[in-house]
J.: 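Just passing along the structure, written as structure tokens.
In listed order, ligands and their atoms are each counted from 1.
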Amino acid sequence: MVEERPEREGMEFDVVIVGAGPAGLAAAIRLKQLDPDRTVVVLEKGSEVGAHILSGAVVDPIGLDRLIPDWRTDPDRPLKTQVAEDRFYYLTGKGGLRLLNWSMPPLMSNHGFFVGSLGSVVRWLGARAEALGVEIYPGFAASEPLFAGNGALIGVATGDMGVGRDGKPKPSFVRGMELRGKYTLIAEGARGSLAKQLIARFRLDEGREPQKFGIGLKELWQVDPAQFQPGLVQHSFGWPLTAGASGGSFVYHYGDNLVSAGFVVHLNYTNPTLSPFDEFQRFKTHPKIAKTFAGGKRLAYGARAISGGGWQSVPKLSFPGGTLIGCAAGFLNFARIKGLHNAILSGMLAAEKTHEALAQGRDNDDLVAYENAWRGSDIGRDLHKVRNVKPLWKRLGLTAGVALGGFDMWTNQLAGVSMFGTLKHGKSDSDSLKPLAEVTPIVYPKPDGVVSFDKLSSVFLSNTNHEEDQPIHLKLKDLDVPIRDNLPKFGEPARLYCPAGVYEVVYDDEAAKTNPRFVINAQNCVHCKACDIKDPAQNITWTTPEGGGGPNYAEM
Ligand SMILES: Cc1cc2nc3c(=O)[nH]c(=O)nc-3n(C[C@H](O)[C@H](O)[C@H](O)COP(=O)(O)OP(=O)(O)OC[C@H]3O[C@@H](n4cnc5c(N)ncnc54)[C@H](O)[C@@H]3O)c2cc1C
Ligand code: SF4
């Protein structure tokens with residue numbers, strides 16, 4: 001029997017925004033700049049603005065310059081370190097090659113950009129938004145889209161609080177709220193849980209290439225001052241990834257002896273025994289890299305998916321009542337590993353089109369002007385130039401793919417043309433794994449506890465916390481798939497691609513592998529969304545846990 005819950009209370013706004021990342025906050029700020037009387041609310045599932053934000057980050061300031069032209073003179077500005085030097089490496093097992101900067105396509109240069117923490121950027125943007133009268137509610141996850149009788153999106157509902165693991169209300173039960181808006185902007189970042197439902201419901205991906213993703217892992221280190229080079233921005237590709245996998249690393253020096261080190265693995269890798277977490281740990285042991293961390297202290301750890309399909313994978317962005325913005329729309333430039341600038345620009349563009357519609361007295365219709373504008377905007381120009389890089393990497397492998405991808409970026413940037421037209425991505429990331437029987441298993445070295453670490457001690461540094469007595473937010477469509485299908489065919493890859501050790505296969509007798517069972521340690525989840533993307537059976541759906549749960553990143 002379905003148990004009755006009380007009616008939800010509702011609140012009305014001009015615009016409801018889901019997600020207090022750079023896209024959502026830029027949209028909120030722009031709406032208020034255009035009309036201070038508009039009522040704008042932003043919902044954020046993290047316990048505070050920035051708690052779930054993880055990025056590099058080297059920031060192309062084009063978005064910030066347009067949104068807040070005086071940001072560079074604000075004494076409290078969150079970005080103070082300017083890029084001083086760009087280095088690109090091709091790594092081999094023991095050595096590597098530094099690529100000459102002049103050989104890199106100009107769009108890969110970070111000259112004039114800033115290095116810092118995106119968490120600090122959004123906290124600062126949040127304060128600016130609140131000063132303009134935007135209502136921001138951290139600790140509230142938008143768990144359900146709300147639709148009118150005619151099918152248009154009319155807002156979102158926040159999740160109920162105080163529900164036990166058995167799905168029944170506890171004494172602390174509080175019913176969720178309905179936040180209804182004339183327009184709702186979805187700014188959930190890569191693989192948003194509402195965005196996924198809306199893309200399916202309104203068939204927004206029809207006629208587009210599948211969205212592609214990567215998983216980005218990051219650690220923040222306080223390094224020995226002798227190893228610190230303020231403004232040094234270093235990228236690498238190659239080792240430790242081998243055939244069938246692509247991605248690369250970043251190491252950014254900024255602030256007070258801080259180094260942001262990370263690794264992105266494209267989620268179209270083929271070997272099911274690959275562990276993105278362990279690839280990252282191994283990367284840090286490379287002789288050219290490890291010295292940076294000697295005598296330093298690891299302060300924080302986290303992981304987050306990034307969307308990377310670019311130009312050809314962006315779904316239709318508008319539908320009755322709402323729009324997708326930022327990385328929920330797929331606006332990350334994968335070749336540059338940059339999405340913050342496009343998140344801000346798309347938030348602004350959507351806000352401007354929403355403002356125009358509201359000024360005409362419209363509501364809950366299709367903001368098709370936004371969909372029609374982005375390809376001809378700076379966002380479109382940014383993504384168009386790099387549209388073939390990822391397909392070329394996939395088709396030709398590392399060396400030839402990187403070389404031709406680089407050549408293609410040159411011709412696109414200098415002449416506005418590509419000899420390849422627009423290449424297709426083909427398969428989705430969940431379709432790319434080969435069966436265990438067809439691969440050589442990857443064996444990872446044990447962590448040394450100095451530069452490389454295990455998953456559990458890493459998750460500890462993400463300050464992840466979920467109320468334990470709540471329904472598991474990682475939903476399996478079919479409970480039997482992990483052991484019946486995924487284990488024999490792929491060795492159940494969720495054990496390895498999850499960067500937080502959420503998924504385990506346990507046995508009565510580990511050595512004899514008897515009676516395997518699939519265990520979900522949902523309380524460890526850092527909300528990266530990799531399982532929702534990579535599960536070969538597409539059997540896992542990430543849903544919002546009780547608001548406020550998840551990582552508590554301070555400076556990521
Ligand atoms: C490892 C890594 C390195 C990167 N490096 C760089 C870089 O150097 N430079 C750069 O420009 N970009 C970089 N990026 C990309 C950049 O971080 C993103 O492009 C940018 O954060 C996208 O902004 P967004 O607002 O669209 O989404 P996000 O920043 O992901 O913000 C989304 C917000 O919405 C909230 N949210 C999600 N769902 C809900 C819900 N249902 N209810 C309520 N709240 C919700 C989330 O908690 C989050 O706060 C990197 C990304 C990663 C993962
Ligand atoms: S359970 Fe899924 S979303 Fe959570 S950390 Fe693991 S892979 Fe990421």
Side-chain angles (χ1 to χ4, degrees), residues 17-27 42-46 49-60 63 110 113-116 118-119 121-122 137-145 156 158-159 186-195 214-218 233 235 250 252 260 262-264 276 302-307 324-334 336-344 346-347 459 462 464 473-474 494 497-503 520-522 524-535 540 542-545 547 550-551 553 556:
I17 298 174
V18 178
L25 292 171
V42 182
L43 287 178
E44 170 52 50
K45 67 179 166 64
V49 172
H52 288 184
I53 292 289
L54 181 143
S55 192
V58 170
V59 179
D60 175 343
N110 293 302
F113 294 175
F114 292 83
V115 196
L118 182 53
V121 172
V122 293
Y137 296 137
F140 289 92
S143 65
E144 190 186 324
V156 294
T158 62
I186 306 295
E188 294 174 294
R191 194 63 159 202
S193 50
L194 298 189
I215 173 145
L217 303 111
K218 174 179 163 179
V233 164
H235 291 102
F250 60 87
Y252 303 153
S260 165
F263 204 86
V264 175
R304 181 76 175 92
I306 61 178
S307 52
L324 306 176
I325 59 178
C327 278
F331 280 149
L332 182 116
N333 182 318
F334 215 57
R336 300 170 71 203
I337 343 176
K338 286 185 187 59
L340 172 71
H341 60 304
N342 285 340
I344 293 179
S346 65
V459 178
S462 68
T464 296
H473 69 281
L474 302 147
Y497 61 63
C498 173
V502 168
Y503 300 106
I520 303 180
N521 304 303
N524 281 2
C525 175
V526 296
H527 298 200
C528 76
K529 316 279 179 77
C531 51
D532 194 288
I533 298 162
K534 185 65 177 169
D535 178 46
I540 304 176
W542 188 96
T543 66
T544 49
Y553 300 136
M556 292 289 268

J.: Checking K534 now: which residues fulfil side-chain hydrogen bond (donor to acceptor under 3.5 Å, both in side chains) with it, not counting sequence neighbours?
T.: S432
J.: Just wondering, more than 12 heavy atoms not from Y503 lying within 6.0 Å of its OH?
T.: yes
J.: Hey, are R191 and D532 close enough for a salt bridge, meaning a charged N less than 4.0 Å from a carboxylate O?
T.: yes
J.: Nearest to atom 3 (S) of ligand 2, what protein heavy atom do you find, and at what distance?
T.: K529 N, 3.1 Å
J.: Check for me: within less than 2.8 Å of atom 6 (Fe) of ligand 2, which protein N/O/S atoms show up?
T.: C498 SG
J.: In terms of atom number and element, which parts of ligand 2 are under 4.0 angstrom from non-hydrogen atoms of W542?
T.: 3 (S)
J.: Are any non-hydrogen side-chain atoms of V122 and L25 less than 4.5 angstrom apart?
T.: yes
J.: When you measure from the side chain of T543 to the backbone of H473, do you find a donor-acceptor pair of N or O atoms at a distance under 3.5 Å?
T.: yes
J.: So which residues, sorted by chain and number, lie with a heavy atom under 4.0 Å of ligand 1?
T.: V18, G19, A20, G21, P22, A23, L43, E44, K45, H52, I53, L54, S55, G56, A57, V58, L118, F140, A141, A142, A187, E188, G189, G216, F250, Y252, R304, I306, G326, C327, L332, I337, K338, G339, L340, A343, T544
J.: So, does D60 use its side chain to make a donor-acceptor pair with the main chain of H341 at under 3.5 Å?
T.: no
J.: Would you say N333's side chain and R336's backbone share a donor-acceptor pair under 3.5 angstrom?
T.: yes
J.: Determine, using ring centers only, whether H527 and Y553 are less than 6.0 Å apart.
T.: no
J.: Under the rule for ring-ring contact (aromatic ring centres under 6.0 Å, His included), what residues qualify as partners of F334, not counting sequence neighbours?
T.: H266
J.: Any sub-3.5 Å donor-acceptor pair from K45's side-chain atoms to T544's backbone N or O?
T.: no
